[in-house]
2 protein chains.
Amino acid sequence: MKEGPDIARIGMLFGDPARANMLTALMGGQALTATELAQAAGVTVQTASSHLSKLEEGGILAQRKQGRHRYFTLADAAAGTLLENIMGFAASRGHLRHRPGPKDPALRKARVCYDHLAGDYGVRMLDSFVARGAIESDGDNLTMTEDGRAELGTLGIDVASLTSNRRPLCKSCLDWSERRSHLAGTLGKALLAHFLENGWARRSDESRAVLFTPDGERKFLSLFPAG
Amino acid sequence: MKEGPDIARIGMLFGDPARANMLTALMGGQALTATELAQAAGVTVQTASSHLSKLEEGGILAQRKQGRHRYFTLADAAAGTLLENIMGFAASRGHLRHRPGPKDPALRKARVCYDHLAGDYGVRMLDSFVARGAIESDGDNLTMTEDGRAELGTLGIDVASLTSNRRPLCKSCLDWSERRSHLAGTLGKALLAHFLENGWARRSDESRAVLFTPDGERKFLSLFPAG
DNA sequence: TTCATACTTCGACCGTAACCGAAGCATCTT
DNA sequence: AAGATGCTTCGGTTACGGTCGAAGTATGAA
């Protein structure tokens, strides 16, 4: 009845298990077809189709049709950020969906969180940046220092080109598996892209896991020593 | 089925209109009784009681009983921040619940957003800080400058005492009525408290509106000139 | 054209949860 | 002690939305 944004509308969109599963699957950052999302959610394609149209209608998902396929992605970075926030909050309240059996250790070690690196390696990277003064941390507000810019330059990452006024350069994102923060933002995205492009790691086909090569892992660990 | 935070659980909590209304009411930052919340949500006390226990169970609300009253508040700043995020996202998608009749212009001018100032005056304040170099803005990441610390010191606000590692000093928060950002974080909280304590403004009894006195408004406007 | 694949729409079923009336506790007042 | 107020619990109704089978549309392949 009151004035204001319609929280309930978007809360409801996130509030269904099937839809939540689809969105979690899309946190991998890559576009998925309706059938793939149906499988991820554990429902039939008809049901999935209904859910997907609701999510699109609500501005959370975007669709692009290609031939007879329909690829769905998160609508934009804002949708991804909100998802991350909700995941972080849920994790902070202990609302985890534990599968006590054989968990996937690769997922806890390193995975994709929309477009950046999460998991053990994700928090390790941020911790390392903060420890050596490349990034300054004030609460969960992160700022890049001059030293940091220089260091990333030697890695071949041009920080200046990453600054945008639509999305922050550095952003902390609460990691559900580690209960600590890892690095998001355009820099987080660029770093993950860097690892993948230079062959340090590759994405798993089935899950959001990031699989490091032996050589890539050695480089990563020496670049980001544990605190 | 998959591993991960239970998004659906908390999405569902935000996804009911009655609960959403209660949470919106609690964005005022002050504790409300079960009966008041029932009225705000437009349901009976029995129904409200059920909703409130679910929200408390989910870690979104906290309760403290005082005599025969039960006061409810948002559990912590994290809950408030998540609410703000969802409101901002909903507003960015145009999901507003318009009451086309007599809107409340006071609410659009200045209102409380959990614990800081929002509305026209809220974004004006942040814009002004950024324009004069007291705060630097990188995307929606905000950083306080030395000039800013000095200026706030003359106002009687000790910035050093506001730094915490649980909550950022400056944080941007998307304003649904203005579609721009205003200042949140511990500094945003301190500034609102400053206005209220020094009699520049007072809170409305019925709504989240912040009502400036003629004198307070003059001081505010000269302190934060429009861009 | 004919068949196969990818997806949507329709219709019906069904379970969950939102809702309220009534009754039950707890706390304060007189 | 008796009454009033604030809130919760119980029980029963109802409606909304998630679900799938079946049929319909669009695109690609043979």
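Numbered from 1 within each chain, the chains take letters A, B, ... in sequence-line order.
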Nearest whole angstrom, please: distance from the C1' of D/dT5 to the OH of B/Tyr71.
13 Å
Specify the residue among A/Gly67 and A/Thr44 whose closest nucleotide of DNA chain D lies further upstream toward the 5′ end.
A/Thr44
Name the closest nucleotide to the B/Val43 side chain, picking from C/dG21, D/dT27, C/dC19.
C/dC19
For B/Gly59 versus B/Ala75, what's the shortest heavy-atom pair and its separation?
O-CB, 3.4 Å
Can you see whether B/Trp176 has B/Arg111 sitting over its ring - NZ or CZ less than 6.0 Å from the centre and within 45° of the normal?
yes
Rounded distance in Å - NE2 (B/His69) to P (D/dT5):
12 Å
Of residues 50-61 of chain B, the positions that come close to DNA chain C - non-hydrogen atoms, cut-off under 4.0 Å:
B/His51, B/Lys54
Calculate the interatomic distance between B/Gln63 atom CD and D/dT8 atom P; express it in whole Å.
7 Å
Check every atom of D/dT27, C/dT27, C/dA22 against the side chain of B/Lys65 and return the nucleotide holding the closest atom.
C/dT27
If each of A/Met12 and B/Val45 is mapped to the nucleotide of DNA chain D with the nearest heavy atom, which maps nearer the 5' terminus, i.e. the 5' end?
B/Val45
In terms of side-chain geometry, is the basic nitrogen of A/Lys109 or A/Glu217 positioned less than 4.0 Å from the acidic oxygen of its partner?
yes
Just to verify, which of B/Leu192, B/Leu196, B/Asn198 counts as forming a side chain to side chain contact (heavy atoms under 4.5 Å, CB included) with B/His194?
B/Asn198
Take a 6.0 Å sphere around CD of A/Glu56 and say whether it holds more than 12 heavy atoms from other residues, nucleotides or ligands.
yes
Quickly work out the B/Leu13 CG to C/dA17 P distance and round it to whole Å.
11 Å
Checking side chain to side chain contact (heavy atoms under 4.5 Å, CB included) between B/Val123 and each of B/Leu117, B/Leu174, B/Asp175, which is the one that passes?
B/Asp175
Below the 4.0 Å mark, does D/dA4 have OP1 or OP2 next to a side-chain nitrogen or oxygen of B/Arg68?
no
Within the structure, does a side-chain N or O atom of B/Thr47 lie under 4.0 Å from either OP1 or OP2 of C/dC20?
yes
Interatomic distance, A/Phe14 CZ vs D/dG17 P [rounded to whole Å]
18 Å
Protein-nucleotide distance (B/Gln46, atom CD; D/dT13, atom P), rounded to Å:
17 Å
For A/Asp16 and C/dT16, what is the distance between atoms CG and P respectively, to the nearest whole Å?
13 Å
Which word best sums up how the rings of A/Phe195 and A/Phe212 line up, parallel for under 30°, tilted for 30 to 60°, or perpendicular for over 60°?
tilted
Once you apply a heavy-atom cut-off of 4.0 Å, does B/Ala48 come out as touching a base, just sugar-phosphate, or nothing?
nothing
Please report the distance, rounded to the nearest Å, between CG in B/Leu32 and C1' in D/dG6.
15 Å
